[in-house]
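Single-structure report; data block below.
Bear in mind the structure is a predicted one, so any value in this text is a computation, not a measurement. Just so you know, these numbers use all the heavy atoms, side chains as well, and skip hydrogens, waters and symmetry mates.
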Number of protein chains: 2
Amino acid sequence: MSNPEDSPVRESPVPMSECGAALAIEQVPDRWTWLILREMLYGVSRFADIQADIGIPKSVLSGRLAQIVENGLAKKKAYRDGSSRTRHAYVLTQKGRELAPVILALMQWGDKHIKNGESALELTDKRSGNPVKIGIVPKGGALPLRWLHFAPARQDNEGKS
Amino acid sequence: MSNPEDSPVRESPVPMSECGAALAIEQVPDRWTWLILREMLYGVSRFADIQADIGIPKSVLSGRLAQIVENGLAKKKAYRDGSSRTRHAYVLTQKGRELAPVILALMQWGDKHIKNGESALELTDKRSGNPVKIGIVPKGGALPLRWLHFAPARQDNEGKS
DNA sequence: AGAGCAGAGTTCAAATGTCAAACCCAGAAG
DNA sequence: CTTCTGGGTTTGACATTTGAACTCTGCTCT
(Lines give C-alpha, C1' and ligand atoms only; values in the text may rest on other atoms or scores of the structure.)
Protein backbone atom coordinates (compact mmCIF):
# COMPACT_ATOMS: atom_id res chain seq x y z
CA MET A 1 0.00 0.00 0.00
CA SER A 2 2.09 2.80 1.45
CA ASN A 3 -0.29 5.50 0.46
CA PRO A 4 1.82 8.46 -0.59
CA GLU A 5 -0.72 10.72 1.02
CA ASP A 6 -0.29 9.41 4.55
CA SER A 7 2.18 11.94 5.88
CA PRO A 8 0.58 14.93 7.55
CA VAL A 9 1.66 17.38 4.89
CA ARG A 10 4.93 18.30 6.54
CA GLU A 11 5.52 21.57 4.95
CA SER A 12 6.98 24.94 5.59
CA PRO A 13 5.04 26.96 8.15
CA VAL A 14 4.03 29.23 5.34
CA PRO A 15 3.66 27.57 1.97
CA MET A 16 5.43 29.18 -0.93
CA SER A 17 2.32 30.42 -2.59
CA GLU A 18 1.28 32.39 0.45
CA CYS A 19 4.61 33.63 1.60
CA GLY A 20 5.32 37.22 0.86
CA ALA A 21 9.00 36.50 0.83
CA ALA A 22 8.68 33.79 -1.77
CA LEU A 23 6.49 36.00 -3.91
CA ALA A 24 8.88 38.89 -3.54
CA ILE A 25 11.76 36.70 -4.61
CA GLU A 26 9.95 36.03 -7.86
CA GLN A 27 10.23 39.69 -8.66
CA VAL A 28 13.87 39.99 -7.72
CA PRO A 29 15.09 36.60 -8.70
CA ASP A 30 18.77 37.06 -9.26
CA ARG A 31 21.99 38.80 -8.53
CA TRP A 32 21.73 41.16 -11.48
CA THR A 33 18.28 42.31 -10.59
CA TRP A 34 19.43 43.13 -7.08
CA LEU A 35 22.40 45.03 -8.37
CA ILE A 36 20.31 46.98 -10.84
CA LEU A 37 17.87 47.96 -8.13
CA ARG A 38 20.75 48.98 -5.92
CA GLU A 39 21.94 51.29 -8.68
CA MET A 40 18.54 52.79 -9.10
CA LEU A 41 18.25 53.31 -5.39
CA TYR A 42 21.46 55.26 -5.60
CA GLY A 43 19.87 57.33 -8.31
CA VAL A 44 21.71 55.91 -11.28
CA SER A 45 19.12 55.71 -13.99
CA ARG A 46 20.65 55.41 -17.42
CA PHE A 47 21.26 52.21 -19.27
CA ALA A 48 24.90 52.81 -20.01
CA ASP A 49 25.64 54.01 -16.50
CA ILE A 50 24.12 51.00 -14.88
CA GLN A 51 25.92 48.78 -17.29
CA ALA A 52 29.27 50.35 -16.56
CA ASP A 53 28.80 50.40 -12.79
CA ILE A 54 27.88 46.81 -12.26
CA GLY A 55 29.53 45.20 -15.26
CA ILE A 56 26.49 43.49 -16.64
CA PRO A 57 26.37 42.47 -20.31
CA LYS A 58 24.09 44.71 -22.32
CA SER A 59 21.94 41.88 -23.51
CA VAL A 60 21.28 40.75 -19.98
CA LEU A 61 20.69 44.27 -18.78
CA SER A 62 18.04 44.98 -21.34
CA GLY A 63 16.24 41.77 -20.45
CA ARG A 64 16.39 42.49 -16.75
CA LEU A 65 15.24 46.04 -17.16
CA ALA A 66 12.27 44.89 -19.18
CA GLN A 67 11.38 42.48 -16.43
CA ILE A 68 11.83 45.11 -13.74
CA VAL A 69 9.58 47.49 -15.62
CA GLU A 70 7.07 44.77 -16.25
CA ASN A 71 6.93 44.03 -12.55
CA GLY A 72 6.29 47.66 -11.86
CA LEU A 73 9.45 48.25 -9.87
CA ALA A 74 10.69 50.96 -12.17
CA LYS A 75 9.47 52.87 -15.12
CA LYS A 76 11.18 54.03 -18.21
CA LYS A 77 10.89 57.66 -18.96
CA ALA A 78 12.28 59.65 -21.79
CA TYR A 79 13.73 62.98 -20.84
CA ARG A 80 15.64 65.74 -22.46
CA ASP A 81 18.92 66.57 -20.87
CA GLY A 82 19.31 70.24 -21.77
CA SER A 83 20.03 70.56 -25.45
CA SER A 84 21.05 66.96 -25.71
CA ARG A 85 19.19 64.25 -27.49
CA THR A 86 16.34 62.38 -25.90
CA ARG A 87 17.52 59.95 -23.30
CA HIS A 88 15.82 57.33 -21.25
CA ALA A 89 15.95 56.99 -17.55
CA TYR A 90 14.82 54.06 -15.52
CA VAL A 91 13.48 55.32 -12.26
CA LEU A 92 12.07 53.42 -9.36
CA THR A 93 8.36 53.51 -8.77
CA GLN A 94 7.00 53.73 -5.27
CA LYS A 95 6.81 49.96 -5.24
CA GLY A 96 10.43 49.73 -6.23
CA ARG A 97 11.56 52.40 -3.82
CA GLU A 98 10.00 50.50 -0.98
CA LEU A 99 12.54 47.78 -1.53
CA ALA A 100 15.03 50.17 0.02
CA PRO A 101 14.81 48.62 3.48
CA VAL A 102 15.56 45.24 2.01
CA ILE A 103 18.57 46.44 0.10
CA LEU A 104 19.79 48.50 3.00
CA ALA A 105 19.34 45.61 5.41
CA LEU A 106 21.39 43.53 3.04
CA MET A 107 24.00 46.23 2.97
CA GLN A 108 24.14 46.39 6.73
CA TRP A 109 24.56 42.66 6.86
CA GLY A 110 27.33 42.75 4.30
CA ASP A 111 29.07 45.57 6.12
CA LYS A 112 28.94 43.67 9.36
CA HIS A 113 29.78 40.18 8.22
CA ILE A 114 31.93 40.68 5.18
CA LYS A 115 33.48 44.08 5.60
CA ASN A 116 33.99 43.67 9.32
CA GLY A 117 31.95 46.62 10.28
CA GLU A 118 33.04 49.39 8.01
CA SER A 119 30.17 50.65 5.99
CA ALA A 120 30.48 52.70 2.87
CA LEU A 121 27.16 54.42 3.22
CA GLU A 122 25.82 56.46 6.02
CA LEU A 123 22.11 56.43 6.69
CA THR A 124 20.58 59.36 8.45
CA ASP A 125 17.26 60.83 9.33
CA LYS A 126 16.86 63.67 6.86
CA ARG A 127 15.23 65.92 9.42
CA SER A 128 17.25 65.42 12.54
CA GLY A 129 20.45 64.35 10.85
CA ASN A 130 20.78 61.51 13.31
CA PRO A 131 22.09 58.18 12.10
CA VAL A 132 19.57 55.46 11.48
CA LYS A 133 19.60 51.82 10.56
CA ILE A 134 17.30 49.06 9.46
CA GLY A 135 16.06 46.93 12.28
CA ILE A 136 13.23 45.48 14.24
CA VAL A 137 10.81 48.10 15.51
CA PRO A 138 7.54 48.06 17.37
CA LYS A 139 4.82 48.39 14.79
CA GLY A 140 4.25 52.02 14.05
CA GLY A 141 7.64 52.95 15.40
CA ALA A 142 9.52 53.01 12.12
CA LEU A 143 10.57 56.23 10.46
CA PRO A 144 8.94 56.78 7.08
CA LEU A 145 11.03 56.11 4.03
CA ARG A 146 10.74 59.78 3.06
CA TRP A 147 12.95 60.78 5.89
CA LEU A 148 15.73 58.49 4.94
CA HIS A 149 18.84 60.07 3.58
CA PHE A 150 22.00 58.36 2.55
CA ALA A 151 25.41 59.57 1.62
CA PRO A 152 28.76 57.89 1.18
CA ALA A 153 30.38 57.52 4.57
CA ARG A 154 33.62 59.26 5.21
CA GLN A 155 36.57 57.26 6.43
CA ASP A 156 37.10 59.34 9.47
CA ASN A 157 34.38 59.11 11.97
CA GLU A 158 31.75 61.81 11.94
CA GLY A 159 31.14 63.67 15.19
CA LYS A 160 29.86 60.54 16.89
CA SER A 161 30.94 60.53 20.54
CA MET B 1 33.22 68.38 -28.90
CA SER B 2 31.16 66.98 -26.12
CA ASN B 3 34.04 65.86 -23.99
CA PRO B 4 33.03 62.50 -22.56
CA GLU B 5 34.71 63.46 -19.32
CA ASP B 6 32.56 66.45 -18.60
CA SER B 7 30.22 64.69 -16.24
CA PRO B 8 31.57 64.50 -12.70
CA VAL B 9 32.69 60.86 -12.63
CA ARG B 10 29.27 59.51 -12.97
CA GLU B 11 29.56 56.28 -11.16
CA SER B 12 27.67 54.51 -8.50
CA PRO B 13 28.08 56.37 -5.24
CA VAL B 14 29.56 53.25 -3.77
CA PRO B 15 31.57 51.05 -6.11
CA MET B 16 30.68 47.39 -6.16
CA SER B 17 33.79 46.24 -4.39
CA GLU B 18 33.09 48.41 -1.38
CA CYS B 19 29.38 48.05 -1.17
CA GLY B 20 28.13 45.78 1.56
CA ALA B 21 25.03 45.06 -0.45
CA ALA B 22 26.98 43.93 -3.47
CA LEU B 23 29.16 41.72 -1.30
CA ALA B 24 26.16 40.31 0.48
CA ILE B 25 24.54 39.47 -2.80
CA GLU B 26 27.53 37.32 -3.64
CA GLN B 27 26.64 35.11 -0.73
CA VAL B 28 22.97 34.89 -1.55
CA PRO B 29 23.14 35.05 -5.29
CA ASP B 30 19.95 33.45 -6.41
CA ARG B 31 16.37 32.60 -5.90
CA TRP B 32 17.05 29.13 -4.54
CA THR B 33 19.49 30.34 -1.97
CA TRP B 34 16.95 32.85 -0.69
CA LEU B 35 14.28 30.21 -0.52
CA ILE B 36 16.54 27.79 1.30
CA LEU B 37 17.46 30.42 3.85
CA ARG B 38 13.80 31.26 4.27
CA GLU B 39 13.12 27.63 5.08
CA MET B 40 15.92 27.51 7.58
CA LEU B 41 14.66 30.68 9.19
CA TYR B 42 11.35 28.94 9.64
CA GLY B 43 13.21 26.11 11.27
CA VAL B 44 12.98 23.58 8.47
CA SER B 45 16.34 21.91 8.52
CA ARG B 46 16.27 18.60 6.71
CA PHE B 47 17.31 18.06 3.15
CA ALA B 48 14.17 16.28 2.05
CA ASP B 49 11.90 18.75 3.82
CA ILE B 50 13.49 21.73 2.21
CA GLN B 51 13.38 20.01 -1.12
CA ALA B 52 9.70 19.22 -0.82
CA ASP B 53 8.74 22.66 0.47
CA ILE B 54 10.35 24.74 -2.17
CA GLY B 55 10.39 22.31 -5.06
CA ILE B 56 14.09 22.51 -5.78
CA PRO B 57 15.84 19.73 -7.71
CA LYS B 58 17.96 17.61 -5.42
CA SER B 59 21.08 18.18 -7.40
CA VAL B 60 20.72 21.91 -7.09
CA LEU B 61 19.84 21.71 -3.43
CA SER B 62 22.93 19.80 -2.53
CA GLY B 63 25.06 22.30 -4.40
CA ARG B 64 23.42 25.28 -2.79
CA LEU B 65 23.61 23.79 0.66
CA ALA B 66 27.30 23.19 0.21
CA GLN B 67 27.75 26.78 -0.81
CA ILE B 68 25.64 28.04 2.09
CA VAL B 69 27.69 25.99 4.52
CA GLU B 70 30.89 27.14 2.91
CA ASN B 71 29.87 30.74 3.31
CA GLY B 72 29.21 30.10 6.95
CA LEU B 73 25.51 30.86 6.82
CA ALA B 74 24.51 27.45 8.11
CA LYS B 75 26.12 24.36 9.42
CA LYS B 76 25.36 20.73 8.97
CA LYS B 77 24.86 18.70 12.08
CA ALA B 78 23.97 15.11 12.56
CA TYR B 79 21.38 14.40 15.19
CA ARG B 80 19.36 11.52 16.48
CA ASP B 81 15.63 11.93 16.38
CA GLY B 82 14.54 9.72 19.30
CA SER B 83 14.87 6.09 18.33
CA SER B 84 15.08 6.94 14.68
CA ARG B 85 18.11 6.76 12.47
CA THR B 86 20.76 9.45 12.31
CA ARG B 87 19.66 12.46 10.39
CA HIS B 88 21.30 15.64 9.28
CA ALA B 89 20.05 19.07 9.94
CA TYR B 90 21.19 22.26 8.33
CA VAL B 91 20.89 25.01 10.86
CA LEU B 92 21.61 28.67 10.54
CA THR B 93 24.68 30.07 12.17
CA GLN B 94 24.61 33.44 13.85
CA LYS B 95 25.73 34.98 10.59
CA GLY B 96 22.92 33.29 8.74
CA ARG B 97 20.35 34.12 11.37
CA GLU B 98 21.22 37.75 11.05
CA LEU B 99 19.85 37.69 7.55
CA ALA B 100 16.44 37.50 9.18
CA PRO B 101 15.79 41.23 8.87
CA VAL B 102 16.51 41.05 5.19
CA ILE B 103 14.22 38.14 4.59
CA LEU B 104 11.53 39.59 6.77
CA ALA B 105 11.79 42.95 5.07
CA LEU B 106 11.37 41.14 1.81
CA MET B 107 8.37 39.36 3.19
CA GLN B 108 6.82 42.60 4.36
CA TRP B 109 7.34 44.04 0.94
CA GLY B 110 5.78 41.04 -0.74
CA ASP B 111 2.85 41.10 1.64
CA LYS B 112 2.25 44.73 0.92
CA HIS B 113 2.80 44.86 -2.81
CA ILE B 114 1.87 41.44 -4.02
CA LYS B 115 -0.52 40.10 -1.46
CA ASN B 116 -2.24 43.42 -0.97
CA GLY B 117 -1.53 43.67 2.67
CA GLU B 118 -2.38 40.31 4.09
CA SER B 119 0.61 38.76 5.68
CA ALA B 120 0.97 35.12 6.49
CA LEU B 121 3.35 35.61 9.35
CA GLU B 122 3.00 37.65 12.44
CA LEU B 123 6.07 39.19 13.97
CA THR B 124 6.06 40.01 17.64
CA ASP B 125 8.33 41.07 20.41
CA LYS B 126 8.87 37.89 22.37
CA ARG B 127 8.82 39.70 25.70
CA SER B 128 5.98 42.14 25.37
CA GLY B 129 4.04 40.25 22.78
CA ASN B 130 3.55 43.45 20.84
CA PRO B 131 3.68 43.32 17.07
CA VAL B 132 6.85 44.46 15.41
CA LYS B 133 8.09 45.04 11.93
CA ILE B 134 11.25 45.72 10.03
CA GLY B 135 11.85 49.37 9.40
CA ILE B 136 14.04 52.38 9.70
CA VAL B 137 15.06 53.12 13.27
CA PRO B 138 17.30 55.62 14.97
CA LYS B 139 20.61 53.91 15.53
CA GLY B 140 20.47 51.98 18.76
CA GLY B 141 16.70 51.94 18.70
CA ALA B 142 16.22 48.54 17.14
CA LEU B 143 15.08 45.56 19.15
CA PRO B 144 17.64 42.74 19.28
CA LEU B 145 17.05 39.77 17.05
CA ARG B 146 16.72 37.58 20.14
CA TRP B 147 13.44 39.13 21.01
CA LEU B 148 11.90 38.48 17.68
CA HIS B 149 9.22 35.87 17.54
CA PHE B 150 7.21 34.83 14.55
CA ALA B 151 4.20 32.66 14.09
CA PRO B 152 1.78 32.07 11.25
CA ALA B 153 -0.77 34.84 11.27
CA ARG B 154 -4.38 34.03 11.84
CA GLN B 155 -6.90 35.25 9.33
CA ASP B 156 -8.97 37.08 11.87
CA ASN B 157 -7.33 40.06 13.38
CA GLU B 158 -5.67 39.66 16.72
CA GLY B 159 -6.78 41.97 19.50
CA LYS B 160 -5.34 45.03 17.84
CA SER B 161 -7.21 48.13 18.97
C1' DA C 1 22.48 -11.83 9.76
C1' DG C 2 20.27 -10.51 5.36
C1' DA C 3 16.74 -7.88 2.80
C1' DG C 4 14.66 -3.78 2.27
C1' DC C 5 14.05 0.94 2.53
C1' DA C 6 14.63 5.92 3.19
C1' DG C 7 17.52 9.99 3.26
C1' DA C 8 21.14 12.29 1.07
C1' DG C 9 23.61 12.81 -2.75
C1' DT C 10 25.88 12.09 -7.67
C1' DT C 11 25.56 11.55 -12.64
C1' DC C 12 23.81 12.39 -17.15
C1' DA C 13 21.48 14.44 -21.31
C1' DA C 14 18.51 18.03 -22.75
C1' DA C 15 16.81 22.65 -22.07
C1' DT C 16 17.83 27.07 -20.70
C1' DG C 17 20.58 31.11 -19.53
C1' DT C 18 24.93 33.85 -19.76
C1' DC C 19 28.69 36.25 -21.96
C1' DA C 20 31.21 39.11 -25.24
C1' DA C 21 31.43 40.91 -29.44
C1' DA C 22 29.26 42.26 -33.55
C1' DC C 23 25.50 44.34 -35.54
C1' DC C 24 21.21 47.66 -35.87
C1' DC C 25 18.48 51.90 -35.44
C1' DA C 26 16.65 56.54 -34.31
C1' DG C 27 17.57 61.26 -33.54
C1' DA C 28 20.70 65.20 -33.11
C1' DA C 29 24.87 67.60 -34.93
C1' DG C 30 27.29 69.04 -38.58
C1' DC D 1 22.84 63.06 -45.90
C1' DT D 2 26.58 61.37 -43.17
C1' DT D 3 28.28 60.57 -38.59
C1' DC D 4 27.93 59.78 -33.81
C1' DT D 5 26.01 57.84 -29.75
C1' DG D 6 22.74 55.83 -26.50
C1' DG D 7 20.13 52.00 -26.27
C1' DG D 8 19.38 48.21 -27.66
C1' DT D 9 19.02 42.98 -30.49
C1' DT D 10 21.49 39.05 -32.56
C1' DT D 11 24.84 35.62 -32.64
C1' DG D 12 27.18 31.66 -31.26
C1' DA D 13 30.34 29.59 -27.76
C1' DC D 14 30.04 28.36 -23.12
C1' DA D 15 27.97 27.36 -18.40
C1' DT D 16 24.24 26.25 -15.49
C1' DT D 17 19.79 24.20 -14.42
C1' DT D 18 16.58 20.59 -14.62
C1' DG D 19 14.65 16.16 -13.69
C1' DA D 20 15.14 11.44 -13.93
C1' DA D 21 17.83 7.63 -12.90
C1' DC D 22 21.28 5.77 -10.24
C1' DT D 23 24.41 5.14 -5.93
C1' DC D 24 25.72 4.85 -1.21
C1' DT D 25 24.95 4.41 3.66
C1' DG D 26 23.00 3.01 7.67
C1' DC D 27 18.74 1.93 10.11
C1' DT D 28 14.82 -1.32 10.86
C1' DC D 29 12.42 -5.52 10.36
C1' DT D 30 12.29 -10.25 10.39
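- Rounded to the nearest 0.5 Å, atoms CG (A/Leu23) and NZ (B/Lys115) are 7.0 Å apart.
- Taking the side chain as every heavy atom from C-beta outward, A/Val91 and A/Lys77 approach each other to under 4.5 Å.
- With rounding to whole Å, A/Ile56 atom CD1 is found 9 Å from C/dT18 atom P.
- Atom pair A/His88:NE2 and D/dG6:P shows a separation of 12 Å (rounding to whole Å applied).
- OP1 or OP2 of C/dC23 has not a single side-chain nitrogen or oxygen of A/Lys58 nearer than 4.0 Å.
- If you check D/dG8, D/dG7, D/dT17 against the side chain of B/Arg64, the one that comes closest is D/dT17.
- With rounding to whole Å, A/Gln51 atom CD is found 13 Å from D/dT5 atom C1'.
- Side-chain N or O atoms of B/Lys75 include none that pairs as donor or acceptor with a backbone N or O of B/Tyr90 at under 3.5 Å.
- Look at CD1 on B/Ile68: it is 15 Å from P on C/dA8, rounded to the nearest Å.
- For the pair B/Ile36 CD1 and C/dA8 P, the computed distance is 14 Å after rounding to whole Å.
- Here D/dT25 presents its P atom at 19 Å from CZ of B/Arg87, a figure rounded to the nearest Å.
- The hydrophobic cluster containing B/Trp109 also contains A/Leu143, counting ILVMFWY residues as joined when their side-chain heavy atoms lie under 4.5 angstrom apart, directly or transitively.
- Residue B/Arg31 contributes atom CZ, which lies 13 Å from atom P of C/dT18 at whole-angstrom precision.
- Here the straight-line distance linking atom CG of A/Leu41 with atom CG of A/Leu99 works out to 8.0 Å at 0.5 Å rounding.
- The nearest whole Å value for the distance from the CG atom in A/Leu65 to the C1' atom in D/dG7 is 10 Å.
- The listed nucleotides are D/dG7, C/dT10, C/dA28; the one nearest the side chain of B/Ser62 is C/dT10.
- The A/Trp32 side chain lies nearest to C/dC19 when the options are C/dC19, C/dG9, D/dG7.
- Below the 3.5 angstrom threshold, one finds a donor paired with an acceptor across the side chain of A/Ser59 and the base of C/dA20.
- Relative to the side chain of B/Asp30, the nucleotides D/dT17, C/dA8, C/dT18 differ in distance, and D/dT17 lies closest.
- Phosphate proximity of D/dG6 to A/Tyr90: absent, as no side-chain N or O sits under 4.0 Å from OP1 or OP2.
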